[in-house]
2 protein chains.
Amino acid sequence: MPPPRERILAAARDLFYRHGVHSVGVETIAEAAQTNKMTLYRHFRSKDDLVAAYARELAAEGDALWITLAANYPDDPCRRLQGWVDHVEEILTNRFERGCAMANAAVELQPGHPARAVIEDYKQRKRENLVRLFSDARYRDPETLADEVFLLFEGARISIQCGGQGPASRVVKMLRDLLDRAPRA
Amino acid sequence: MPPPRERILAAARDLFYRHGVHSVGVETIAEAAQTNKMTLYRHFRSKDDLVAAYARELAAEGDALWITLAANYPDDPCRRLQGWVDHVEEILTNRFERGCAMANAAVELQPGHPARAVIEDYKQRKRENLVRLFSDARYRDPETLADEVFLLFEGARISIQCGGQGPASRVVKMLRDLLDRAPRA
DNA sequence: CCCACTAGGTACCGATCGGTAACAATCCAG
DNA sequence: CTGGATTGTTACCGATCGGTACCTAGTGGG
């Protein structure tokens, strides 16, 4: 069995994503992690601290995707781009998708919350990664293209939980068409 | 002074949007409405009932925009479309924008919550209104165009509160370019 | 073996949550 | 003016919240 801290973070991650940060109490998390509240508070100073750790874990995992992508296709930006689109498709067709966990958390958290900075930094890095990807793939206007793709993706994720499987289900095809038709240098 | 029910709904709307549904207690809402908890519970059976009324009000206001749009430009779908884009720009450049109130609420609410149905119905109507708008303006593929515009808009709104004013600030220009370049019949 | 460190368990704290009972004040129609 | 309906006030309920004190049970390294 993994050490308590990992179990707590895993449980928090599952519950926070499924039910929202404010709807889940620390006791519930501790029980789901097969431990208790005291052990939770030995590893996290407060619930807010746990939420921040939750955000950091999500951000680290998101960043890891880009490292994996670069490692898998070190000299082929177009394949790398294709790999990213495949990843997007994987997310958007997941039956349990409930939107971007970090965006959802940002909705619930007050502007001053420690997790907010983590989330905002991550979203900015994500956009930069997209710009670099389009730049490497020799698209003519990588900035605009990155913004467009970024917003389409974010919009699709938030729309899924608003019953809008309509627009979201077609976004992958839209993405591929967009990338096919966008002008390249 | 407006009757209590209206004041309560107005206060709930302000507080729910600024701080989130779960972060605001009924007592706070009653005080902000310059009344008290008992009066609130005389007009709303429960907090969930108030949240559902909140969602219904947002939906009614969103629907009213389309009626206004149709009334202002009864015989000119292109001007109507232009009016809608102006409205989008107005929203996205608002300093107090914190995303779509209904999408934010959906993030916080469990799938079975009475407000969820209101929100999902509204989003579907919104998409249909967009399709009709593009169809009236004689675009070649109104469905795809509506999805694209819908997702760009939703993505921009959710991105604003993730510190991503980067992508969101350029979305209006992207929208106008997209509509200029999209093929028409 | 032993001792320090970590985890588990329980009981508890004050605060706040959504929601209600009972009663006084107010207001408006007939 | 009067009487019924609506509102205001206060106090309260049980439940749950985040967070802590205290003690016991392991457990691993010297």
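Reminder, nothing fancy here: chain letters follow the sequence lines and each chain counts from 1.
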* Salt-bridged, B:D75 to B:R80, with N to O below 4.0 Å? -> no
Would B:E154 and B:R127 pass as an ion pair if we require N to O under 4.0 Å?
no
Rounded to whole angstroms, how far apart are [atom1] on [X] and [atom2] on [N]?
X     : N      : atom1 : atom2 : answer
B:L40 : C:dT20 : CG    : P     : 12 Å
A:M1  : C:dG8  : CE    : C1'   : 12 Å
A:Q34 : C:dT6  : CD    : P     : 22 Å

Is there a side-chain polar atom (N or O) of [X] under 4.0 Å from OP1 or OP2 of [N]?
X     : N     : value
A:R7  : C:dG8 : yes
A:T35 : C:dA7 : no
A:H43 : C:dT6 : no

Side-chain touch A:L50/A:L9, heavy atoms, less than 4.5 angstrom: yes
Pair B:S46, B:D49: side-chain N/O donor-acceptor within cut-off below 3.5 Å: no
Just the atom pairs and distances: protein N or O near nucleotides 12-18 of chain C's N or O, under 3.5 Å.
from   : atom 1 : to    : atom 2 : distance (Å)
C:dG18 : OP1    : B:K47 : NZ     : 2.7
C:dG18 : OP2    : B:V26 : N      : 3.0

Between [X] (side chain only) and [Y] (backbone N and O only), is there a donor and an acceptor less than 3.5 Å apart?
X      : Y      : answer
A:E108 : A:H22  : yes
A:T68  : A:A64  : yes
B:E97  : B:L92  : no
A:R184 : A:R140 : no
A:D147 : B:R170 : no

Each nucleotide of nucleotides 24-30 of chain C classed B (base within 4.0 Å of a protein heavy atom), S (only sugar-phosphate) or -, in 5' to 3' order, makes -------
**Message:** Once hydrogens and angles are ignored, does a donor-acceptor distance under 3.5 Å link the base of C:dG19 to the side chain of B:R45?
**Reply:** no
Per atom distances to the B:M38 side chain, the nearest of D:dT7, C:dA7, C:dT20 is C:dT20
